[in-house]
*Asks:* 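Below you'll find the structure I mean.
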Amino acid sequence: MLYPLFAADSFWSFGESCKLIGVRRPAAPLGLITVAAMLPGSWTVRLIDCNTAELSDDDLAWADIVFTGGMLPQQADTLRLIELCLARGTPVVVGGPDPTSSPHIYDRADFQVLGEAESVIDDFVAAWESGARSGVFTAPKFQADVTKTPVPRFDLLRAEDYLYLGVQYSRGCPFTCEFCDIIELYGRVPRTKTTPQMLTELDAIYAMGYRGHLDFVDDNFIGNKKSLRLFLPVLADWQRAHDYPFEFSTEASVNLADDPELLDMMAAANFFGVFVGIESPDPATLVAMRKKQNTRRNIAESIHKIYGAGMLVTAGFIVGFDTEKVAMADAMIDFIEDAAIPVCMVGLLYALPNTQLTRRLAREGRLHENHDVASTTSGDQCTGGINFDPARPLRDILLDYRQVLARIYDPAVYAGRIDRLMTMLDRSRQRQELPEGDIRAKVRALETVHRVTSAIPEAHAPFWKTFLTCAKRDSSSARIAVAMIAAYAHLGPFARRVVEAIDARLAALDEPVPGSTAAGHHVAHAPH
């Protein structure tokens, strides 16, 4: 099992932040270890995460067959690994979200396992054991029975390499956001594992000695509220019985804020963080992208309600929709400040393969050639977005995007959001202390703030002021403030690099077309 490298520098890599905490990567490869658990018990499986360990010739020589694949930011390295295997004559199997969405890009692999592996892995194993050395195995859409998904092979991980481990409770999302590929990959009817099944997974992680941050990787944790209401009280009981070995995070739609009972249940189970896709503060844009669950509400107030349940919010925003107005940048900045969200993933709109958005842009003749070929240099949509002809002038989009990033990741502005977040975060229902053995307990607050502010001198005054203010309130506030400051070790420099890349794109827009004498004639497809 080879987990490919993510493109070198992306929003989610958090390289400098991981160094501060003493780990190599934020998240462990849950997908591959889940597939590993579906393979015959007689097979000997090794896992190499290419993001945390070197792959040697001896590793490839040992293997009878290699499994690899992953997400779009891993595309370039997945293709490299496939070629390595082909050169050695080692059969290679590719799967995961990006190969499922763009199988033509991966057609040099010996085998493709497309879609949810539960439905087709047995067919693949039978073919392999009968002598087949190539083939394509495509799962029927949205039919995998996750109640039969085995416990992932957590034993294959080096847990000390990661900031957190992951588990999956559900697949699918009930909403229809135009730009999102989750509903294309997993459907709109969220399927959930059983409560005993989840407890068995938690028992396995607990038994291996892991303590600390555990992420429910669901794309919308509250997609099936009926099942969740039955699961969360049992999860809280399990936590109490085991003296709260885990702090949980997840991803959920913003309508979580409408359900005080669910917020209370999550707080009681020791959830401390939620990622929320906000995308835009503009109601017309939200309607156009079919994200109506974010309309008819004051989104900032909804975020504050989640804070009131003791869970910090990280959020996703997108710049580049057709319906955006001239003042979009100011509106997004004002919203982020009002909501007091320190960590915001702000990206340029990227037409992912296999989405409603991509199909519409193709029909309209606006989709760029090779739109689904990932960049080998830029890590994500922060620098590589707008892979289509936008309705708004590209220059305006890039200027707006630059303005948002430069403002929200200014050190003093970022520190101010941390301070306001801490005044709203009510952690009275969560466990205050970290469990013994949690890698985050090794983080020394004063040392961390010192190291971040030494590396980023302009952050010195605002970060120390914010830390000391939070430390006076309570130790739990201080711990979360330090985590936000540690995140800035990556986010601050990353935002500056993205701004520089956007400046380069803007400069390219101003270059005249070779051979043209018209002063106003500019390159039309600068995104490439």
Side-chain angles (χ1 to χ4, degrees), residues 2-30 48-55 70-78 80-81 157-166 212-213 215 217 249 273 275 314-316 342-348 374-385 405-406 408-411 414-415 418 438-440 442-445 447-459 463 480-502:
L2 299 182
Y3 194 55
L5 283 167
F6 283 86
D9 192 20
S10 75
F11 178 91
W12 297 113
S13 64
F14 283 96
E16 291 303 313
S17 305
C18 286
K19 288 179 188 176
L20 286 171
I21 298 167
V23 298
R24 294 177 182 271
R25 287 290 298 178
L30 180 61
I48 296 175
D49 181 348
C50 297
N51 300 277
T52 64
E54 292 293 326
L55 173 65
M71 295 178 282
L72 185 66
Q74 295 170 284
Q75 185 185 104
D77 199 55
T78 304
R80 179 186 71 88
L81 293 173
L157 298 173
R158 278 175 44 92
E160 61 269 26
D161 284 344
Y162 303 101
L163 179 59
Y164 56 86
L165 302 187
H213 182 181
D215 184 54
V217 304
S249 63
F275 178 87
T314 55
V343 177
C344 300
M345 195 290 168
V346 185
L348 292 166
S375 168
T376 57
T377 54
S378 62
D380 55 29
Q381 66 270 40
C382 293
T383 54
L405 277 185
I408 67 172
Y409 286 116
D410 174 273
Y414 183 86
I418 295 174
D438 188 332
I439 196 166
R440 296 171 300 168
K442 299 177 183 177
V443 175
R444 301 182 189 280
E447 180 186 344
T448 299
V449 179
H450 173 71
R451 287 173 64 184
V452 174
T453 55
S454 296
I456 309 171
E458 62 270 28
F463 280 15
I480 291 172
V482 169
M484 297 288 99
I485 289 170
Y488 192 84
H490 166 69
L491 294 172
F494 177 74
R496 284 195 291 277
R497 287 193 295 275
V498 173
V499 166
E500 290 170 2
I502 296 304

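Heavy-atom basis, side chains included; hydrogens, waters and symmetry copies ignored.
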*Asks:* State which residues pass side-chain contact (heavy atoms from CB on, under 4.5 Å) with T453; sequence neighbours excluded, sorted by chain then number.
*Replies:* V449, H460, F463, W464

*Asks:* Which pair of non-hydrogen atoms, one from G70 and one from T78, has the smallest distance, and what is that distance?
*Replies:* N-OG1, 4.4 Å

*Asks:* I'd like to check Y162 versus P29 (side-chain heavy atoms, cut-off strictly below 4.5 Å). Are they in contact?
*Replies:* yes

*Asks:* In sequence, state the C-alpha distance, the side-chain angles, and the governing distance for C382 and F494, and then conclude on side chain to side chain contact (heavy atoms under 4.5 Å, CB included).
*Replies:* CA-CA 10 Å; C382 293; F494 177 74; 3.9 Å; yes

*Asks:* Would you please name every residue forming a side-chain contact (heavy atoms from CB on, under 4.5 Å) with D77, sequence neighbours left out?
*Replies:* P4, L5, C50, R80, L81

*Asks:* For D161, which residues count as a salt bridge (Lys or Arg N to Asp or Glu O under 4.0 Å) partner, sequence neighbours excluded?
*Replies:* R24, R158

*Asks:* Roughly how far, to the nearest 0.5 Å, is CD1 of I439 from NE2 of H213?
*Replies:* 13.0 Å

*Asks:* Quick one: CD1 on I21 to NZ on K442, what's the gap to the nearest 0.5 Å?
*Replies:* 12.0 Å

*Asks:* Strictly by salt bridge (charged side-chain N to carboxylate O under 4.0 Å, His left out), give each pair with a member in residues 481-490 just once, sequence neighbours left out.
*Replies:* none

*Asks:* Side chains of S13 and F6, heavy atoms from C-beta outward: is any pair under 4.5 Å?
*Replies:* no

*Asks:* For R25 and T52, work out which heavy atoms get closest and say how close.
*Replies:* CG-CG2, 3.5 Å

*Asks:* How long is the straight-line distance from CE of M345 back to OG1 of T314, given to the nearest 0.5 Å?
*Replies:* 11.0 Å

*Asks:* Checking H490 now: which residues fulfil side chain to side chain donor-acceptor pair (under 3.5 Å) with it, not counting sequence neighbours?
*Replies:* none

*Asks:* Does V498 form a side chain to side chain contact (heavy atoms under 4.5 Å, CB included) with V346? I'd like the steps, not just the answer.
*Replies:* CA-CA 11 Å; V498 173; V346 185; over 6 Å; no

*Asks:* Could you tell me which non-hydrogen atom of G316 sits nearest to which non-hydrogen atom of F275, and how far apart they are?
*Replies:* N-CZ, 3.5 Å

*Asks:* Taking all atoms of both residues into account, what is the closest heavy-atom pair of Q75 and A374, and its distance?
*Replies:* OE1-N, 2.8 Å

*Asks:* When rounded to the nearest 0.5 angstrom, what is the spacing between CG in D215 and CG in L165?
*Replies:* 10.0 Å

*Asks:* List the atom of G212, the atom of R440, and the distance in Å for their closest heavy-atom pair.
*Replies:* C-NH2, 3.8 Å

*Asks:* Can you give me the closest heavy-atom contact between M484 and I418, atom names plus distance?
*Replies:* CB-CD1, 3.5 Å

*Asks:* Among residues at least two apart in sequence or on other chains, which ones pass side-chain contact (heavy atoms from CB on, under 4.5 Å) with A487?
*Replies:* F14, V343, Y414, L491

*Asks:* Do the side chain of Y3 and the main chain of L30 share a donor and acceptor less than 3.5 angstrom apart?
*Replies:* no

*Asks:* Does L20 have any side-chain contact (heavy atoms from CB on, under 4.5 Å) partners at least two apart in sequence or in another chain, and if so, which?
*Replies:* T448, R451, V452, A486, A489

*Asks:* Applying salt bridge (Lys or Arg N to Asp or Glu O under 4.0 Å), name anything that partners D49, two or more places apart in sequence or on another chain.
*Replies:* none

*Asks:* When rounded to the nearest 0.5 angstrom, what is the spacing between OG in S17 and CD1 in I485?
*Replies:* 11.5 Å

*Asks:* For Q74, give me all partners under side chain to side chain donor-acceptor pair (under 3.5 Å), at least two apart in sequence or on another chain.
*Replies:* none

*Asks:* I need the full list of salt bridge (charged side-chain N to carboxylate O under 4.0 Å, His left out) pairs touching residues 483-498, with sequence neighbours left out, sorted by first then second residue.
*Replies:* D9-R497, E458-R496

